[in-house]
2 protein chains.
Amino acid sequence: MVKNQTRKEETRRNILDAASRGFREKGFAGVGVDGISKAAQATSGAFYAHFGSKDGAFLAALELGLDEVIDGVPQFQRDFGDGWTDAFIDYYLGRDHRDDLACGCAMTSLSPEMSRADAKSRALYDRKMQTIAGLVAKGLPQFPADQRLAKAWAFLGILIGGLTVTRALSDDTAIDAVSGAVKNAATDLLRA
Amino acid sequence: MVKNQTRKEETRRNILDAASRGFREKGFAGVGVDGISKAAQATSGAFYAHFGSKDGAFLAALELGLDEVIDGVPQFQRDFGDGWTDAFIDYYLGRDHRDDLACGCAMTSLSPEMSRADAKSRALYDRKMQTIAGLVAKGLPQFPADQRLAKAWAFLGILIGGLTVTRALSDDTAIDAVSGAVKNAATDLLRA
DNA sequence: TTACTTATATAACGATCGTTATATTTCTTA
DNA sequence: TAAGAAATATAACGATCGTTATATAAGTAA
């Protein structure tokens, strides 16, 4: 039974990863169950055995994606200490992250999908985003405690908006102008 | 011939409006040609006669949507003078605009679609967005001329990101917290 | 092995996808 | 009013959509 279980979890993980990439890159409506399953080297049979529905897979992919942020933020805080926000800004608006649609931050790729998502996904998004904002707020000791959460929300907002616009643009000069401007604005926002 | 022409333009306009609403609300992949045509009280035959393809209709809807911004920004500047940015912030992050997915600002609803759009739409987006940023920059005389465009891009970024997040959230308390925080950040950004 | 459970694959459902070709309607002009 | 052109409607194409039901394969336990 053990060997079968690990194989099962492997299939599930493959499908979940493919769903996560597909939804981020092409949006919920832009990718199909068959396409996800094929990308995972599996079939729609396995897809439905594991996730029950396309909405179910989206819910799982959303949770996976936002948990990456929930894990990532404290990691930045540990790795970079006081300067963690600068490092985070550079990463978030940097070229690698901008070009990696499929594996980039779920906040930017999936937030625009939420208004069309089902109730369970929307509720999960609410909870996870509040957790993320709270974690960011913890890393802003330069502000009085009662201002940190607001700064955190604004910080997330400008990063998400900036990344969205730079990804939407094609011209490299314009992209650099926007990402530079947004980086400066995000930095200034967090100056006490 | 005259009457037929106005009828033709009316049909075109109805389909374009329906496409504009559909793409903003449901995304490019989330709405179909038949659905758009039906919403316009027309048929797919008229749709293809006027726009040639779904991509063609998206291009036209994108142009229409960004032109609304290109018209709207100078209007705010004329109507509100020096305080135009405050009025714009209040409008952009206000409840009415947030709740109006179908008719809200195309920058927020369509930017996330651009990375999947065809070359012509992407090129149009680039041109129109640079026009918009230039118009915003003109309305920021409190900054030296060489800083205005950067401030304008950051301003657009935070508004787009803020609106995206508040639209994605369901909980009213969280929505108010985010929109308030983003409003403050946008205001502070434009302080000389 | 033999029976049984579980995980995955296959096949098919009706519906809708974007698109094309053709039919029909509507209007203009002679 | 008859003929012609233009605008729109209808019907159909193969492909894919999300989902279900069933078949096959791979595992464990006797």
Side-chain angles (χ1 to χ4, degrees), chain A residues 1-62 110 113 116-121, chain B residues 1-62 110 113 116-121:
Chain A
M1 177 124 144
V2 170
K3 192 176 178 189
N4 209 4
Q5 283 286 21
T6 69
R7 196 185 201 84
K8 178 182 178 183
E9 278 313 304
E10 220 171 77
T11 301
R12 193 193 124 93
R13 187 73 205 188
N14 286 340
I15 295 173
L16 179 56
D17 285 341
S20 180
R21 282 191 292 268
F23 289 141
R24 294 187 212 201
E25 194 170 353
K26 309 183 181 178
F28 181 80
V31 67
V33 171
D34 286 346
I36 291 169
S37 305
K38 186 159 286 185
Q41 307 201 90
T43 62
S44 60
F47 182 99
Y48 278 91
H50 281 288
F51 298 104
S53 69
K54 192 185 182 186
D55 279 319
F58 182 81
L59 180 71
L62 178 68
L110 298 185
E113 300 288 326
R116 308 184 274 264
D118 70 351
K120 281 177 77 172
S121 288
Chain B
M1 175 121 142
V2 170
K3 191 175 177 189
N4 210 1
Q5 282 286 20
T6 69
R7 196 185 196 80
K8 178 181 178 181
E9 279 311 306
E10 219 172 79
T11 300
R12 193 193 123 94
R13 186 73 205 187
N14 285 340
I15 294 173
L16 179 55
D17 285 342
S20 181
R21 281 192 293 269
F23 290 142
R24 294 186 210 200
E25 193 170 353
K26 308 183 181 179
F28 181 80
V31 67
V33 171
D34 286 345
I36 291 169
S37 305
K38 185 158 289 186
Q41 306 202 87
T43 62
S44 60
F47 182 100
Y48 277 92
H50 282 288
F51 298 103
S53 67
K54 193 185 181 185
D55 278 321
F58 182 81
L59 179 71
L62 178 68
L110 298 185
E113 300 288 325
R116 309 184 273 264
D118 70 351
K120 282 177 77 172
S121 289

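Throughout, a chain's letter reflects where its sequence line sits, starting with A, and its residues are numbered from 1.
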**Message:** Checking contacts here: which listed nucleotide (dT19(D), dG18(C), dT8(D)) is nearest the side-chain heavy atoms of Y48(B)?
**Reply:** dG18(C)

**Request:** Rounded to the nearest angstrom, tell me the gap between atom CD in E9(B) and atom P in dA7(D).
**Result:** 10 Å

Produce the list of close N/O pairs, under 3.5 Å, pairing protein atoms with atoms of nucleotides 9-11 of chain C; give distances to one decimal.
{"unit_1": "dA9(C)", "atom_1": "OP2", "unit_2": "T43(A)", "atom_2": "N", "d": "3.1"}
{"unit_1": "dA9(C)", "atom_1": "OP2", "unit_2": "T43(A)", "atom_2": "OG1", "d": "2.9"}

**Asked** Rounded to the Å, how far apart are R13(B) CZ and dA7(D) C1'?
**Response** 19 Å

**Prompt:** Quick one: does F23(B)'s side chain get under 4.5 Å of K54(B)'s, heavy atoms only?
**Reply:** yes

**Item:** Worked verdict on E10(B) versus R13(B) for salt bridge (charged side-chain N to carboxylate O under 4.0 Å, His left out)
**Value:** CA-CA 5 Å; E10(B) 219 172 79; R13(B) 186 73 205 187; over 6 Å; no

**Side-chain touch N14(A)/Q41(A), heavy atoms, less than 4.5 angstrom** = no

**Request:** Measure the distance from CG on D55(B) to C1' on dT19(C) and round it to the nearest whole Å.
**Result:** 12 Å

**Asked** At their closest point, which heavy atom of E113(A) faces which heavy atom of F28(A), and how far apart are they?
**Response** OE1-N, 3.1 Å

**Prompt:** Roughly, in whole Å, what's the span from CG in D34(A) to C1' in dT19(D)?
**Reply:** 10 Å

**Message:** Can you measure F47(B) atom CZ to dA7(D) atom P for me and round it to whole angstrom units?
**Reply:** 17 Å

**Message:** Any donor-acceptor pair under 3.5 Å linking the side-chain atoms of S121(A) with those of D118(A)?
**Reply:** yes

**Request:** Write down the distance between CZ (F58(B)) and P (dT19(C)), rounded to a whole number of angstrom.
**Result:** 14 Å

**Integer-rounded Å distance: dA9(D) P and K8(B) NZ** = 14 Å

**Request:** Would you kindly give the CD1-to-P distance between I36(B) and dT19(C), to the nearest whole Å?
**Result:** 11 Å

**Message:** Tell me which pairs pass side chain to side chain donor-acceptor pair (under 3.5 Å) where either residue lies in residues 18-28 of chain A, with sequence neighbours left out.
**Reply:** S20(A)-R24(A), R24(A)-E68(A)

